[in-house]
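Keep in mind that what you see is a predicted model, and the values were worked out from it rather than measured. Within every chain, numbering begins at 1; the chains are lettered A, B, ... in the order of the sequence lines, protein sequences first and strands thereafter.
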There are 2 protein chains.
Amino acid sequence: MPHHIYNCAEGCPVESTLQIISGKWKSVIIYHLIKEKNCRFNELQKLMPNCSRRMLSLQLKELENDQIIAKTIFPTVPPKTSYQLTSLGKTLTPLILEMEKWGNKYNQLHE
Amino acid sequence: MPHHIYNCAEGCPVESTLQIISGKWKSVIIYHLIKEKNCRFNELQKLMPNCSRRMLSLQLKELENDQIIAKTIFPTVPPKTSYQLTSLGKTLTPLILEMEKWGNKYNQLHE
DNA sequence: CAGAATCCCAGAAGATACTG
DNA sequence: CAGTATCTTCTGGGATTCTG
């Protein structure tokens, strides 16, 4: 790697990535959307029982603002929503799957 | 992927990974140690000007406790230390380099 | 140089209740 | 169902000072 790529004095690329996915639950949300393709709000809640409804809502909104996920609203009664990854969000797949892979190996070591 | 791998009700692999690297500066520290091989305390500080000395110290200690990095102390005057990745820490390389890669692409889109 | 100790506060996050 | 609003609690992290 040429050295001019590795100029981190005012923000390295890792920090850019962190700005997008470092929220406490963001990468977990993205992970589930990779696996499930699309999810409703309460489905995500069940998949992440340690994340409060409030927190889930906040993290979803931030991911939406950053164009990582998109929300489809069906104006039915009762209301239905569906969250999916955007095309930008899908580019995070290799990264998130590396996190899955490393986590699996780590869990094997520690059980 | 077989479904029995994707059982996330009580903690998905992504969450395991997050437990290790989700500290505010941890993945940045690991990133620099990948690039530089080993670093002294003040070198890391210069590479991460937005991280206070206190924070750097805390994050280094946690990474050390989790066996991701190791510290070598040279009992000279003035004291010298050197931080490196452990063998476990080195297994995070693909993940961190994916973060670098994604960050670079993201920065290209947003400039 | 490489940290540790102490003090302090904004903001993160929980609990609970409410709503279109 | 899919959130929002409000209140409260607690902790992450800055600023500063001290030390081997």
**Message:** What is the separation between atom CD1 on A/I29 and atom P on D/dA2, rounded to the nearest whole Å?
**Reply:** 15 Å

**Message:** Applying salt bridge (Lys or Arg N to Asp or Glu O under 4.0 Å) as the test, list every pair that has at least one member in residues 68-94 of chain A; sequence neighbours left out.
**Reply:** none

**Fill in**
The correct set of residues in residues 72-80 of chain B placing a heavy atom under 4.0 Å from DNA chain C is B/P78, B/P79

**Message:** Between B/T17 and A/G103 (side chain of the first, backbone of the second, donor and acceptor by atom type, cut-off under 3.5 Å), is there such a pair?
**Reply:** yes

**Request:** Using the closest heavy atom to pick a nucleotide of DNA chain C for each, name whichever of B/E43 or A/S52 lands nearer the 5' end.
**Result:** B/E43

**Atom pair distance, as rounded to whole Å: CH2 in B/W25 and C1' in D/dG12** = 13 Å

**Prompt:** Roughly, in whole Å, what's the span from CG in B/L60 to C1' in C/dG3?
**Reply:** 10 Å

Mind listing the N/O atom pairs, protein and nucleotides 4-10 of chain C, below 3.5 Å?
unit_1, atom_1, unit_2, atom_2, d
C/dA4, OP1, B/K61, NZ, 3.3
C/dA4, OP2, B/S57, OG, 2.7
C/dA4, OP2, B/K61, NZ, 3.2

**Closest to the A/M55 side chain, choosing from C/dA13, C/dA2, D/dG14** = C/dA13

**Message:** Rounded to whole Å, please give me the gap between CG in A/L56 and P in D/dA2.
**Reply:** 11 Å

**Sequence neighbours excluded, every pair satisfying salt bridge (Lys or Arg N to Asp or Glu O under 4.0 Å) that has a member inside residues 19-30 of chain A** = A/K26-A/E62

**Fill in**
Of the candidates C/dA13, D/dG13, D/dA2, the side chain of B/K24 sits closest to D/dG13

**Fill in**
Applied to residues 57-81 of chain B, the ring-ring contact (aromatic ring centres under 6.0 Å, His included) test, sequence neighbours excluded, yields none

**Item:** Which residues share a side chain to side chain donor-acceptor pair (under 3.5 Å) with A/T91, sequence neighbours left out
**Value:** B/W102

**Request:** To the nearest Å, give me how far apart CD (A/Q45) and P (D/dG3) are.
**Result:** 10 Å

**Any B/M99 side-chain heavy atom under 4.5 Å of B/I96 side chain** = yes

**Ionic contact status for A/K35 with A/E100, cut-off 4.0 Å** = yes

**Asked** Taking only side-chain nitrogens and oxygens of B/T81, does any of them come within less than 4.0 Å of OP1 or OP2 of C/dG3?
**Response** yes

**Asked** Between B/K46 and B/E43, does at least one N-O distance fall below 4.0 Å, as a salt bridge requires?
**Response** no

**Asked** OP1, OP2 of D/dA2 versus side-chain N and O of A/R40: anything below 4.0 Å?
**Response** yes

**Request:** Find the distance B/L44:CG to C/dC1:P and express it as a whole number of Å.
**Result:** 14 Å

**Request:** Could you work out which one of D/dC1, C/dG3, C/dA13 sits closest to the side chain of B/Y83?
**Result:** C/dG3

**Fill in**
Rounded to whole Å, the CG-P distance (A/L47 to D/dA2) equals 13 Å

**Request:** Starting at atom CG of A/N38, determine the distance to atom C1' of D/dA2, rounded to an integer number of angstrom.
**Result:** 16 Å

**Request:** Give a yes or no answer on whether the side chain of B/S82 reaches the backbone of B/N38 with a donor-acceptor pair at less than 3.5 Å.
**Result:** no

